[in-house]
Participant: 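Here it is, the structure in full.
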Amino acid sequence: QVLLVESGGGLVQAGGSLRLSCAASGLTFSSCAMGWFRQAPGKEREFVAGISQRGGNTYYADSMKGRITISRDDAKKTAYLQVNSLKPEDTAVYYCAAKLYGSASTFDGIYNYWGQGTQVTVSS
């Protein structure tokens, strides 16, 4: 059984930082590209960041570039998303996703597995 479990969300003041984690099990993590997406209330899910196998390539949403860093630790089977200078508009449920083949993608439809999400709420 494949499981992706996000953690690290919570309530934070604007300007603060969070480090989200995504712990994977039941799959060959090192072979997967990983992605982070988010969905705000009333909005569609959107791409945040992606990282290729072995972390060779990273991809970021233009809207968040400069404030976020995606990374991975294959030994721990965990992907991370560091978000700095948080804004109220960053409030959303953040999801991690695993893609079994190929590089990371901004398109959520081709990811194979998803976590349950972690809520990030940014107060002004």
Participant: How long is the span from the CG atom in Leu4 to the OG atom in Ser21, to the nearest 0.5 Å?
Facilitator: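 Answer rounded to 0.5 Å: 12.5 Å.
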Participant: In residues 23-31, what donor-acceptor pairs under 3.5 Å come from side-chain atoms, sequence neighbours left out?
Facilitator:
none

Participant: What residues, two or more places apart in sequence or in another chain, satisfy disulfide (SG to SG under 2.5 Å) together with Cys22?
Facilitator: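 Here the qualifying residues are Cys96.
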Participant: Starting from the C-alpha separation in whole Å, work towards a yes-or-no answer on side chain to side chain contact (heavy atoms under 4.5 Å, CB included) for Leu18 and Leu86.
Facilitator: CA-CA 8 Å; Leu18 283 175; Leu86 280 157; 3.9 Å; yes
Participant: For residues 53-62, pull every pair meeting side-chain hydrogen bond (donor to acceptor under 3.5 Å, both in side chains), keeping only residues two or more places apart or in separate chains.
Facilitator: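 Those involving residues 53-62 are Asp62-Lys65.
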Participant: Can you check whether Glu6 reaches Tyr94 side chain to side chain, under 4.5 Å on heavy atoms?
Facilitator: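 Result no, sub-4.5 Å side-chain heavy-atom pair not found.
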Participant: Is there a donor in the side chain of Ser17 and an acceptor in the side chain of Asn84, or the other way round, less than 3.5 Å apart?
Facilitator: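 Side-chain D/A pair, Ser17 to Asn84: present.
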Participant: Taking all atoms of both residues into account, what is the closest heavy-atom pair of Ala14 and Pro88, and its distance?
Facilitator: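 Nearest pair, atom of Ala14 first, then Pro88: CB-CD, 4.1 Å.
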Participant: Answer whether the closest heavy-atom distance between the side chains of Glu46 and Gln39 falls below 4.5 Å.
Facilitator: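 The answer is no, as the side chains (C-beta and beyond) never meet within the 4.5 Å cut-off.
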Participant: Heavy atoms, side chains only, cut-off 4.5 Å: are Val48 and Ile68 in contact?
Facilitator: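 Of all side-chain heavy-atom pairs linking Ile68 with Val48, at least one is under 4.5 Å.
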Participant: How long is the span from the CE atom in Met64 to the CD atom in Glu89, to the nearest 0.5 Å?
Facilitator: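 Here the interatomic distance stands at 9.5 Å.
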Participant: Return yes if some donor-acceptor pair links the side-chain N/O of Asp74 with the main-chain N/O of Lys77 below 3.5 Å, else return no.
Facilitator: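 Between the backbone of Lys77 and the side chain of Asp74 there is no qualifying donor-acceptor contact (under 3.5 Å).
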Participant: Going by disulfide bond (SG atoms under 2.5 Å apart), name the pairs with one or both residues in residues 62-92, residues two or more places apart or in two chains.
Facilitator: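 Checked against disulfide bond (SG atoms under 2.5 Å apart) - neighbours excluded - no pair reaches residues 62-92.
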Participant: Just wondering, do Thr78 and Arg72 contact through their side chains at under 4.5 Å, heavy atoms?
Facilitator: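 Result no, sub-4.5 Å side-chain heavy-atom pair not found.
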Participant: For Phe37, what residues pass the ring pair (Phe, Tyr, Trp, His ring centres under 6.0 Å) criterion, not counting sequence neighbours?
Facilitator: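 Result, ring pair (Phe, Tyr, Trp, His ring centres under 6.0 Å) vs Phe37: Phe47, Tyr111, Trp114.
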Participant: Do Val122 and Val120 make a side-chain contact, defined as non-hydrogen atoms from C-beta onward lying under 4.5 Å apart?
Facilitator: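 Yes, at least one pair of side-chain atoms sits under 4.5 Å.
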Participant: Taking all non-hydrogen atoms of both residues into account, name the closest pair between Gln119 and Ala92 and its distance.
Facilitator: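 In terms of heavy atoms, the two residues are closest at NE2-O, 3.4 Å.
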Participant: To the nearest 0.5 Å, how far apart are OG1 in Thr118 and CG in Leu20?
Facilitator: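 Nearest 0.5 Å value for the OG1-CG distance: 6.0 Å.
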Participant: Is any side-chain heavy atom of Tyr95 closer than 4.5 Å to a side-chain heavy atom of Arg45?
Facilitator: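 When only atoms from C-beta onward are counted, Arg45 and Tyr95 do touch, with a gap below 4.5 Å.
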Participant: Would you please test Tyr113 and Leu100 for side chain to side chain contact (heavy atoms under 4.5 Å, CB included) and show each step?
Facilitator: CA-CA 9 Å; Tyr113 300 103; Leu100 295 177; 3.9 Å; yes
Participant: With side chains defined as the heavy atoms from C-beta onward, is the minimum distance between Trp36 and Ile70 less than 4.5 Å?
Facilitator: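 Heavy-atom side-chain distance check passes, below 4.5 Å.
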Participant: If you link ILVMFWY side chains whenever their heavy atoms are less than 4.5 Å apart, which other residues fall into the same cluster as Phe107? By chain and number, please.
Facilitator: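 Once heavy-atom contacts under 4.5 Å are chained together, Phe107 belongs with Ile110.
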Participant: Answer whether the closest heavy-atom distance between the side chains of Asp90 and Arg67 falls below 4.5 Å.
Facilitator: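 Yes, at least one pair of side-chain atoms sits under 4.5 Å.
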